[in-house]
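Below is one structure, written out as structure tokens; comments come after it.
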Amino acid sequence: AIRSFDEIPGLWKNSVANLYSFWKQDGFRNIHHIMLKNFRNFGPIYREKIGSYESVNIIEPEDAAIMFKAEGHYPRRLMIEAWSSYRDYRNHRYGVLLKDGEDWKSNRVVLNKQVIAPAVQGNFVPLLDEVGQDFMARIQGKIEKSRSNKWTVDLSNELFKYALESVSSVLYGERLGLLQDHIEPAAQHFIDCITLMFKSTSPMLYIPPWVLRRLGARTWKDHVEAWDGIFSHADHCMHNIFKRMKQEPGHGGRYPGVLATLMLQGQLSIEDIKASVTELMAGGVDTTSTTLLWTLYELAKQPELQEELRAEIAAARLSSQGDLVEMLKMVPLVKGALKETLRLHPVAVNLQRYITQDIVIQNYHIPSGTLVQLGLYAMGRDHQIFQRPEQYRPSRWLQGNARYFRSLGFGFGPRQCLGRRIAETEMQLFLIHMLEKFKIENQGEVDMRSTFALIIIPEKPIVLTIRPL
Ligand code: HEM
Ligand code: 2DC
């Protein structure tokens, strides 16, 4: 017989006590480790209520498939109240990230065609490739300046700039110029605001923003300050493009970028366009840069793997004869490396949906409307799901049979990551250029732990040494 919802194991009966013990375990920064422990204690399904946050958690790919099948026509994930409260507070419109229902769908369909459809990759590739090349030139310059034929560095801020330059080049069809020696303070401030925005969000997953606001808490103030900085800089960038569109309507025959294309199309209101472009700009920095940093960290541990990737890249470079879009189709191991990074170091600790029909998972009945979460971090490290999960082994992704609902770093279905195509192209080109020119070495340190700051990031700076080949 199917067991009832209330029989699901877990801690959900005393949400205030659970919040207290969560806080005592430093849960705001350790949610991913606590989640591992919960699956170990309760098995493949557990129910949880911490403060105001109530969910059912699952781990198996087959159960993920059931969850996504019940997502309905307008899939909804956890509404991050901190983000919507800020917009309500400042009277900003929601973009595609926060919209729901028909409003979400109609915006998303228009954006898909300009941002994630396979056909637009050709527009992005030349821009992203140029950014990649500039980054390598910058590293080369640093190596020369060091006079020791190497550069030992915590690359995180360099990668933030690389990621912001990349996403901006695609959104605006032109370069911001962040990879020069003097970085504009405005751009650095924008980068710092995004980090603060993520960091100040996590406590508000469990304690509603209005409570913290009423208490005059630092978290809410930081959060408002961070979003204010994000919105004002994005607004400044977008105004420059509006000016350019008046002065030079044809953009010299070149691809004018996502923003200008949406404006010229006129299918969305200017307010809707601005809201979503702001989200794309903010969503495009910490996500790809952190994933690239983790990838370099993993590659530094395995020089032989770097060689294998280099061989694949060299062969693809040769047979694609200068056609980059073609080249990107010939590097399955590079793509496997990025999947492997997202398996061990996912940006999103879990994927969630409010299910729109009753379902049965692990023989428990779960009613329509429940928030179901797939523990992505825990799934990636489970030995029942991945053989030798502790090993970073990109080739595991080359066998097509072992991938069913296992490669979910960008989410799934119509509500998956809108920036996925930009992110993948940007990261693939980065690795290609990096491996063609440099060797990556570590300082012989042991395993780097991670921290939850809404997204999963390294706990401490990762210091790497880069040498010319
Ligand atoms: C949503 C991951 C990069 C913009 C998401 C989601 C995940 C994710 C897991 C939720 C998907 C779901 O619920 O099914 C990642 C990862 C990235 C990345 C792993 C890089 C390694 C980016 C970039 C951008 C971006 C570069 C912007 C250019 C967005 C937006 C959404 C989203 C706007 C919300 C889409 C919607 O609600 O319709 N991302 N992301 N992401 N991401 Fe990304
Ligand atoms: C955080 O329990 C943990 O891509 C929560 O580019 C559940 C949750 C809900 C939504 C997730 C969030 C987690 C992590 C960060 C994500 C977000 C959806 C989109 C966002 C995954 C897993 C992100 C980083 C976007 C952010 C765009 C924004 C800055 C405008």
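In listed order, ligands and their atoms are each counted from 1. Position 1 is the first residue of the sequence, and the numbers go up from there.
Between Glu279 and Gly95, the shortest heavy-atom contact is OE2-N, 3.0 Å. Residues Ser269 and Arg93 approach most closely at OG-NH1, 3.8 Å, considering heavy atoms.
Proximity of the aromatic rings of Phe231 and His92 is defined here by a centroid distance below 6.0 angstrom, and this criterion is met. When ring centroids are compared, Phe430 and Phe135 come within the 6.0 Å threshold. A ring-centre distance under 6.0 Å is not found for Tyr53 and Trp12.
Annotation: atom 18 (C) of ligand 2 to nearest protein heavy atom, Arg77 CD, 4.0 Å. In terms of protein heavy-atom proximity, atom 34 (C) of ligand 1 is nearest to Leu97 CD1, 3.5 Å. For atom 17 (C) of ligand 2, the nearest non-hydrogen atom of the protein is Trp83 CH2, 4.4 Å. For atom 15 (C) of ligand 2, the closest non-hydrogen atom of the protein is Ile455 CG2, 3.9 Å. Residue, atom and distance of the protein heavy atom nearest to atom 14 (O) of ligand 1 are Arg353 NH2, 2.7 Å. Nearest protein heavy-atom neighbour of atom 28 (C) of ligand 1: Leu280 O, 3.4 Å. Protein heavy atom in closest approach to atom 21 (C) of ligand 2: Ala348 CB, 3.9 Å. The nearest protein atom to atom 8 (C) of ligand 2, hydrogens excluded, is given as Gln352 NE2, 3.3 Å; this is a heavy-atom distance. The protein non-hydrogen atom at the shortest distance from atom 14 (C) of ligand 2 is Leu454 O, 3.6 Å. What sits closest to atom 27 (C) of ligand 2 on the protein, heavy atoms only, is Gly283 CA, 3.7 Å. Closest to atom 12 (C) of ligand 2 among all protein heavy atoms lies Ile80 CD1, 4.3 Å.
In summary, Glu390 and Arg381 do not engage in a salt bridge, as defined by a charged side-chain N under 4.0 Å from a carboxylate O. Salt-bridge check for Glu340 with Arg396: passed, with a basic side-chain N closer than 4.0 Å to an acidic carboxylate O. At a threshold of 4.0 Å, the pair Asp382-Arg343 does not count as salt-bridged, since none of the basic side-chain nitrogens sits closer than that to a carboxylate oxygen. Looking at Arg138 and Glu158, a side-chain N of the basic residue comes within less than 4.0 Å of a carboxylate O on the acidic one, giving a salt bridge. Using a cut-off of 4.0 Å between Lys/Arg side-chain N and Asp/Glu carboxylate O, Glu165 and Arg175 are scored as salt-bridged. Using a 4.0 Å cut-off between charged nitrogen and carboxylate oxygen, Asp286 and Lys199 do not count as a salt-bridge pair. Ion pair Arg420/Glu424 flagged as a salt bridge, since at least one NZ, NE, NH1 or NH2 atom sits closer than 4.0 Å to an Asp/Glu carboxylate oxygen. Between Glu102 and Lys105, no side-chain nitrogen of the basic residue sits less than 4.0 Å from a carboxylate oxygen of the acidic one, so the salt-bridge criterion is not met.
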query = How far apart are the C-alpha atoms of Tyr162 and Thr288, what are their side-chain angles, what is the distance that settles it, and do they pass the side-chain hydrogen bond (donor to acceptor under 3.5 Å, both in side chains) test?
reply = CA-CA 9 Å; Tyr162 168 76; Thr288 51; over 6 Å; no

key: From CA spacing to verdict: side-chain hydrogen bond (donor to acceptor under 3.5 Å, both in side chains), Gln121, Thr425   = CA-CA 8 Å; Gln121 200 188 28; Thr425 312; 3.1 Å; yes

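Counting heavy atoms under 4.0 Å from ligand 2, residue Phe410 does not touch it at all.
Here is the list of ligand 1 atoms found below 4.0 Å of a heavy atom in Phe412: 14 (O). Listed by number with element, the atoms of ligand 1 under 4.0 angstrom from any heavy atom of Val167 are 28 (C). Counting atoms of ligand 1 from 1 in the listed order, those under 4.0 Å from a heavy atom of Val96 are 36 (C), 37 (O), 38 (O). Counting atoms of ligand 2 from 1 in the listed order, those under 4.0 Å from a heavy atom of Asn350 are 2 (O), 7 (C), 22 (C). Ligand-side atoms of ligand 2 in range of Phe452: 3 (C), range being under 4.0 angstrom from any heavy atom. Annotation for ligand 2: atoms under 4.0 Å from non-hydrogen atoms of Met197 are 29 (C). Here is the list of ligand 1 atoms found below 4.0 Å of a heavy atom in Leu351: 9 (C). Taking every non-hydrogen atom of Phe198 and a distance limit under 4.0 Å, the qualifying atoms of ligand 2 come out as 24 (C), 29 (C).
Counted by atom type alone, Thr295 and Thr341 present one or more donor-acceptor pairs between their side chains at under 3.5 Å. With hydrogens and angles left out, the side-chain atoms of Lys37 and Gln25 include a donor and acceptor closer than 3.5 Å. Inspection of the His32 and Ser450 side chains reveals an N or O donor paired with an N or O acceptor under 3.5 Å.
Separation of atoms CD1 (Ile59) and CG (Asn350) is listed at 12.0 Å; rounding is to 0.5 Å. Rounded to the nearest 0.5 angstrom, Asn57 CG and Gln373 CD are separated by 4.5 Å.
Residue Gln352 has no nitrogen or oxygen atom sitting less than 3.5 Å from a nitrogen or oxygen atom of ligand 1, judged on distance alone. Between Thr291 and ligand 1, no N or O atom pair is found at a separation short of 3.5 Å. Inclusion of Arg77 in the set of residues having an N or O under 3.5 Å from an N or O of ligand 1 is warranted. In terms of N/O distances under 3.5 Å, ligand 2 is approached by Tyr53.
Using a 4.0 Å cutoff on heavy atoms, Arg108 counts as a contact of ligand 1. Taking 4.0 Å as the cut-off, Met427 counts as a neighbour of ligand 1 on heavy-atom distance.
For a distance threshold of 2.8 Å, the protein N, O or S atoms nearer than that to atom 43 (Fe) of ligand 1, listed by chain and number, are Cys417 SG.
Nearest-residue assignment for atom 26 (C) of ligand 1 (options Ala348, Pro75, Gly409, Gly284; heavy-atom criterion): Gly284. Of the candidates Ile194, Leu97, Thr201, Thr290, the one placing a heavy atom closest to atom 28 (C) of ligand 2 is Leu97. With atom 24 (C) of ligand 2 as the reference point, the heavy atom nearest to it among Ile31, Thr278, Thr287 is part of Thr287.
Closer than 4.0 Å to atom 5 (C) of ligand 2 lies at least one heavy atom of the protein.
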